[in-house]
Structures are given as structure tokens and as C-alpha cells.
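So that the names make sense, note that chain A is the first sequence line, chain B the second, and so on, each numbered from 1.
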Amino acid sequence: MTDPHAPALQCQNVSVTYGPVTALNAVSTTFGAGLIHAVVGQNGAGKTTFARVASGLVAPTAGHVAIGSRIMRGGNVAQARAAGVELVHQSFALPPSFTVAEAMEFGATGTGRFFTRRSLFARWRPHLESLDISVDLGARIRDLPVESQQGIEIARALVTQAKVLILDEPTAVLSPSGIEKLFERVRRLKAQGVTVLLILHKIREVLAVADTVTVLRAGRLVDGPLMTTDVDGARLSRLIIGEASRGFAAADEQALTGAGTVEHTSTVGEAATATPVLKLSNITTFVDQEGPALQDVDFHVRPGEIVGVAGVEGNGQRTLVRLIADFARASRGEVHLAGQNISTQSLAQRRSKGLRIIPFERNTEGLSLTSSLWENWTARALLEKPLLRLVNPARLRSECDAALKAWGVRYDNVAQKAGALSGGNAQKVILSREIDPDAKLIIAAQPTRGLDIGATAFVWDALRKARDRGCGIILISSDLDELFDISDRVVVMLAGRVAGTFTAPYDINAVGAAMIGVS
Amino acid sequence: MIARVSYILRSLVFVVFALILCSIVFQIAGYSASLVLTNVADGAFLRPGALAQSLRWALPLFITAVGVGISFRAGFFNIGAQGQFYVGSICAAFVPEWLSGAPAYIVIPACMLAGMAGGAFWAFWPGYLRIRSGTDEVITTLMGNFMAGLLLVYVTSGPLKDPSGSGQQASSRPLEAAYRISTSSGLSVTIIAIAVVVGLAMWLLVNRTTFGMLASLAGRNPVMVRWQGALLWKLGITSFLLSGALAGLAGAIELMGPNGRIASGFLPAHGFTAILIALVANFSVAGTAITALFFGGLASAALYLPVMAGLPSAAIDVINAAIALFITARSKLLDKILRVGGRSS
């Protein structure tokens, strides 16, 4: 067994700045060998930058990283890998058209010969089997579920005898049972003497798997590494949130930090009998360019109700949004908005009936980053008018100014480009545009992805207020804590079908089972 | 507003850079750079009567360039202004033939409408192909230029051939004086009025209508506008049609105004200069007016140089090319140089 006191990875006063932004600020910490270390913090705390500095991908602007006793030059992946540090990225970097065996060979060292399918299989099968990863070596990466892709990424990182394995937010794309499997794998690696650094953002996961925990906030080291046996969820939660924690309701705080299971109290009363604001009856779509086709989907949202859509990403959530937005076509079934059949109507017509969308991709589908705030903000209102209507830009600008102020957006002036705003502020601009008094059905697709805790809580409040006013809301998220905290009902999607419907109190195991099709 | 002014000022800096580059070229070629440049300035603006001559070139260029700006703003790189200008002038040239003898107040507007229709048609099919099947409009409009050039050769040596022509350059029969909107000097109240009306109408359209605002939003990010419910094809095809129609209108003006006829290969640089003007002006209508005057001045100086100063008119081509070079390069290297310079000063 490795001496737990010997440092595997050390950071000395590491700072990283990107232009005017300080991503890491004088972080000094030491990770002991042979342990599972968690690094936690909210979005924007510097976790990913930390992983990149440690793995040699990003050079620190000040300070240095040492592996074992060797000081790294910084910004040199080859050197870090030679010293035994491997990084598994948050978004996987496997070539989608490669087979498993080809992907393993790709980037591996030591061969410059011709390959045969058989020689590749022979080379990689034992390696994958030794890690207990059971996949068909001839399968294409793009056809594999995310759990298997991640397994292969890890296997690839372990080809060279890695001493330190860094996983950047490995749980973000996994179902609850996938997370459990990942943790087992990590524990086995620890038993083999590998030091594992997990970048996480849920306290529950930290306490379940890690030996130590290190908390980052706004680029600074808050505390750590602390032994997880010495801390509890409440303390970690305070460390992660910091000063802002006083303002949050207990349930929100738990959901924001993933500290425990959230108790959702449904507020739906008379709404259960109201006409659904959205009703999909027996919908089957054609094959869609951005995801699997929907199959026999029955789905409804009543006014004053938040319906959460759970599921591992890529199981038809996008197709669902695209269908309601008239981008994906149904081969069968009908779409009803507020009691009217809108199956053949354009998005503009649907929007005029109260459909609002907070799209998946904030920076492309939601905003034009190179356009001014007021142009972005007025786009919806402009589209309700005929094409040749005269407009008064000065008035639009002042309307936009008033609206953005009311929503608490931080900006200099409305002529500023949307690209100059932070993620949270940019999302507020979209909210102020899409949550207006005429909104009846609001689709919020991953509305808090990448946002820090304050902005996330803001989005939740905005959605709750819209619900209390009688809007129907569809919340699509891959964060179950978020879904459980604010949804009145949760629908699970699997391979384009509705795999289950759940009401509060939610059972994370039951939802997790539905996400991967185990009943 | 401040951003726009600084943008135009920066564009002017590039023009200065271009002139410095040209001076070097002139010196190497054995001409005194200061002599060439002062003569260009004389020919364009300073000598008596120069402004009227510059306006003669500037006004049609302005009309075409405004159209180019509209399609560029909407995100469509319609570089077929030259072809649309030719087809517009061809369609316009048939009108006086068919309506020969009709009063001018019928023929002149009909001529203008025919020019606009012809130009719009020559922009429609690349636009349709782009929106329908994603065909790159840069390729189709560029090819359209060659086709229009050949069509002009055919028309001027076939249906509209002037039998008394010299044979040097095939051309159409000269227009009856009654249907001319200017003398050969090329400037008249009518042409100025048309340019002013076009300028005001297009300024209004671009800056003060839902179409103008949505089209420029779509030019910067079509995906976002689509998620707002816009029908991109509608914005796109309208932009194509408008830009073609304006180039065609300029064709009709050149026909009824200074030229009085169409000739094969006439004004071969019109559309491309207009693209350059639109780029320098960053597609703003007001900016286009100022820039068009500058390039109109250069066009006028191109005629003045060999005659009055004994200098080669190719000097103007060099200047145009240098400006084009710097304007297309500005987003990258020179911007960086300027920013570094600005910071250190």
C-alpha cells in the first residue's frame, strides 16, 4: 500500500488568469498518494481550471504544480503524462466514428505498424477486461451509452501506468446507478494504488466516495483537503456557498449543493382539474437530426404546474422541445396548446398563443452574442408584428432597460453586446424576454447549466413565480436534485419514450432505475 | 452611436494605410507618390467642377452599395451586384424600345421598374437556391456575374444592336433624348432625387422597421432568430430581392442617365466597387453615402489622371485594390496593431 502521507500532487500558490478573469487565485494544497480526493465548488469556482492545471493542460500564470517530488513545467501535457497524471475530460473527447478498439489505440503509445482488427482486439481486450469494462470492441463510440463511453475514457487514461487520475465532473452525465458503478470503479483503482482526484459538485457524492474533500470558491481555496470523516453535509454546504448561504430556503440549499434528498411539497391544488396548457397525445415523430425520435409519447402540463423531465442526456429531451417548437415533425399524434390543436401551426403562431422557450444552448439558440442587449431582448416582441411595421428603437431601448433592471440583470447599457455578460446575467436576459405576462407554457431546457449558485436559485425563483401566476412549465434538467426540488411532477424519458412518471415525495432510486430502463 | 463613429474612423485609418501602401508602389514604379496623390485629390474633389463629376459616379454606386449592404447585413454574401446591375440595365433597355413614342413620364418610371425587376430576378435564383438547398450564394452570384456579362454581349450585338455602331464595342441604340434623365455629364436633379429617396427609404427600412432589425439579427445569429419563431427564408429572400433590385435600379439610371445606352462590358467594376463601399461603410446607409462619394471621386479621378496629369489611370485600380486588401484584413492583424498602438499611446 502506498504511504498515505506521501504527496502525490502538490500545488504551490497556483494562479491562473484568462484575460481579465482570475480563474484560480493562489491555491496551495497537497493531495496524499493512494486516496480518493474530491474537489468541490459551485460553477465558476475554478474546479475545471484546477483539473487542467494539475494535468498540464493549462500553464499556471503564477506558482507551480509538483507531481511526486518533481516540479512540472506547466502547460505541458506530455510531461505531466510521463509523470503519471491523466485527465478524463468533462465532455468526452473520443472520436465518435471510431470503434472501441480504434479509440483505445488512438493516442496510445508505442506502435507505428499496420493494424488489423484482430491485433487491436487482442491488444485491448485484456486491458478493458482487467478494468471490468464489458463492451463490444467493434462497436462505434457514438452508439455506446455515456456510461460505457466514460468507462473507455477511463480505460484510455489508464493505459500508461497512471499514478494520478483526474476525473472532471464525471457524474454530470450519469444516471444514479451509473454513478454508483463509477464509484465502485474508482474504489477499485484506489485499491490498486492509484490516486484519484474527482471534480464533483454534489456533497452526497463527495461523502459517498471520497477520502478527502477540498473546497474551492471564486478561484480561491476555501478549505481542505479535509478528511470526509471529519465533515458533514451541512458544513460542506456552507463552505461551498459561502456568505450567500443565508438567503436560501433549506430545501433549495440542499438541492443546490446536493447535500441530501430534497423534500418537495407539491403546491398543485385545483390545477389538477384544469385544462392542460400543453397536451401531447400519442406522439410519434420522424427521425430527428438532434436526437432519437419520440415514440408514443403522452404528456401534459397543467397551468400552475412545473413538470420536470429527467433522463440521461440524448434520450429524446431535445426532440421533445423541438416538437413543441415546430422544428421536429410528428408522424402521428397531436399537440394541443391551451386546448387548441396547434399541430400544424408555425412557431410564430405558437408563440403568439403563449409558448415561451428558454433553449438548451444559451449562447446560440438563446442569444445573439454579437448583438446588443436590446436587440436580443426585443426579438420576441418584434416577431409578433408584421415585417414592415415601423419601430422606435429609442422606445425599445428604454423598455428593455426597464425590463432588464426589473430582472436584476447587471450590465452597463442596453447597447452592450450580449456576449459581454456572464452566464448568469445572460440567462436573466433570456428569462426577462421569455417570462412575460402573456406566457402560458414555458419550456426551460437546462436553464441552470453552468450557472453559479446565486444565479441558479434566481432561475428557480423565476420559474416558481411564473408557476404561481398560472403558467405551465416544463423543466428539462440532468440534475435530479434540481428536478426534485422544484418540480410538481417528474417524467422520465428513455430512448424517446416516457419511461415513468413520479410525484413527490420522489424516490431517487426509482427515478434512477427508470432512467436506465430497469424496473 | 459612439461605437459607429469610431468604426468609421477606424475604416478611414485603413484607407490611410492603403494610400501609404500605394505611395510605395508608385515610388517603386518610378512615379512621385506625392504627385500622384495630389493629382488624385485634385481630380476627385479639389479642381473646379470635380464634385459634380464625383457625384456622377458616386450616386449609382451608392444605390448599388446600399443594396449590397442589405444582403450582407442579413448574412448573405451576395457578390453578384455586377450581374444584377447588368441584367437590370438590359431589362430597362428593352422598355424604351417597346414603349417607343410613349410620353417620358410613363417610359422613365417603367424603365426604372424594369431595371429593378431584372436585378431582383438575377438575385432571386441564387437566393432561392441558397434557402431551398443551401447552395453557396457566393458561388452562384459570382457565376451569375459572368452569365449576365455574356447576356449583355448577346443583347447588344443581337436584339438591341445599334446598326450604326463602330464595331469596336457592341452597344444598344442610343436612347431618345426625351427618355434621358441626365446629359452625358451624368448629374441631374432627377438622379440626385432618386438617390435621396432610395437612401431615405432604405435607411428607414434598415433602422426603423421590424424587417431591418430582424434581418440584421438573423445575419449575426440565424439560430437564435429561428428559435424566436422567425421564418428565415422570408427575411433571406427579401434581402436578396432588395439588393438585386437596387443594383438593377442603378443599371437603369446608368442607361437613362450618363450612358444613354448599354454597351457590352460597360462599367465593369461597378458592382465590385459597390461591394467595397458597403464593406468600408460596414453596411450602414449613412456611412455608405459618405464612402460612395469617396469612391465616386476615385472613379472620376481615374478619368482625370491620364488626360490632365499624364499619369496612368491604373493608379486608381491600385488604390482600390489596396483599400480592398486592408478592409478585408482589418478584422485580424491590423485591428490588433491598432489596439496595441492605442494602448501604448
Participant: Using every non-hydrogen atom in the two residues, find where A/L387 and B/T210 come nearest and quote the distance to one decimal.
Facilitator: O-OG1, 2.5 Å

Participant: Sort out for me which of B/L217, B/L204, B/L205 touches chain A most, counting heavy-atom pairs under 4.5 Å.
Facilitator: B/L217

Participant: So which part of A/A325 gets closer than 4.5 Å to some heavy atom of chain B, the side chain, the backbone, both or neither?
Facilitator: side chain

Participant: Could you go through B/Q228 and A/E384, starting from their C-alpha distance and side-chain angles, then the distance that decides it, and tell me whether this counts as side chain to side chain contact (heavy atoms under 4.5 Å, CB included)?
Facilitator: CA-CA 10 Å; B/Q228 290 298 313; A/E384 287 172 357; over 6 Å; no

Participant: Could you please spell out the steps behind the side chain to side chain contact (heavy atoms under 4.5 Å, CB included) verdict for B/M224 and A/S371?
Facilitator: CA-CA 11 Å; B/M224 173 259 185; A/S371 301; over 6 Å; no

Participant: When only heavy atoms count and the cut-off is under 4.5 Å, which of residues 393-424 of chain A reach chain B?
Facilitator: A/P393, A/L396

Participant: Hey, what do you get for CG (A/L383) to CZ (B/R226), rounding to the nearest 0.5 Å?
Facilitator: 13.0 Å

Participant: Of the listed residues (A/R433, A/E434, A/K385), which shares the most heavy-atom pairs with chain B below a 4.5 Å separation?
Facilitator: A/R433

Participant: Just checking A/F327: does its CZ atom have more than 12 heavy atoms from other residues, nucleotides or ligands closer to it than 6.0 angstrom?
Facilitator: yes

Participant: For the interface with chain A, which of B/L231, B/V225, B/V223 has the highest count of heavy-atom pairs at distances below 4.5 Å?
Facilitator: B/V223

Participant: Of the listed residues (A/T370, A/T378, A/L369), which shares the most heavy-atom pairs with chain B below a 4.5 Å separation?
Facilitator: A/T370

Participant: Please indicate whether A/Y18 has more than 12 foreign heavy atoms, meaning atoms of other residues, nucleotides or ligands, lying under 6.0 Å from its OH.
Facilitator: yes

Participant: What residues of residues 334-368 of chain A make heavy-atom contacts with chain B at a cutoff under 4.5 angstrom?
Facilitator: A/L347, A/A348, A/R351, A/I357, A/P359, A/N363, A/T364, A/E365, A/G366, A/L367, A/S368

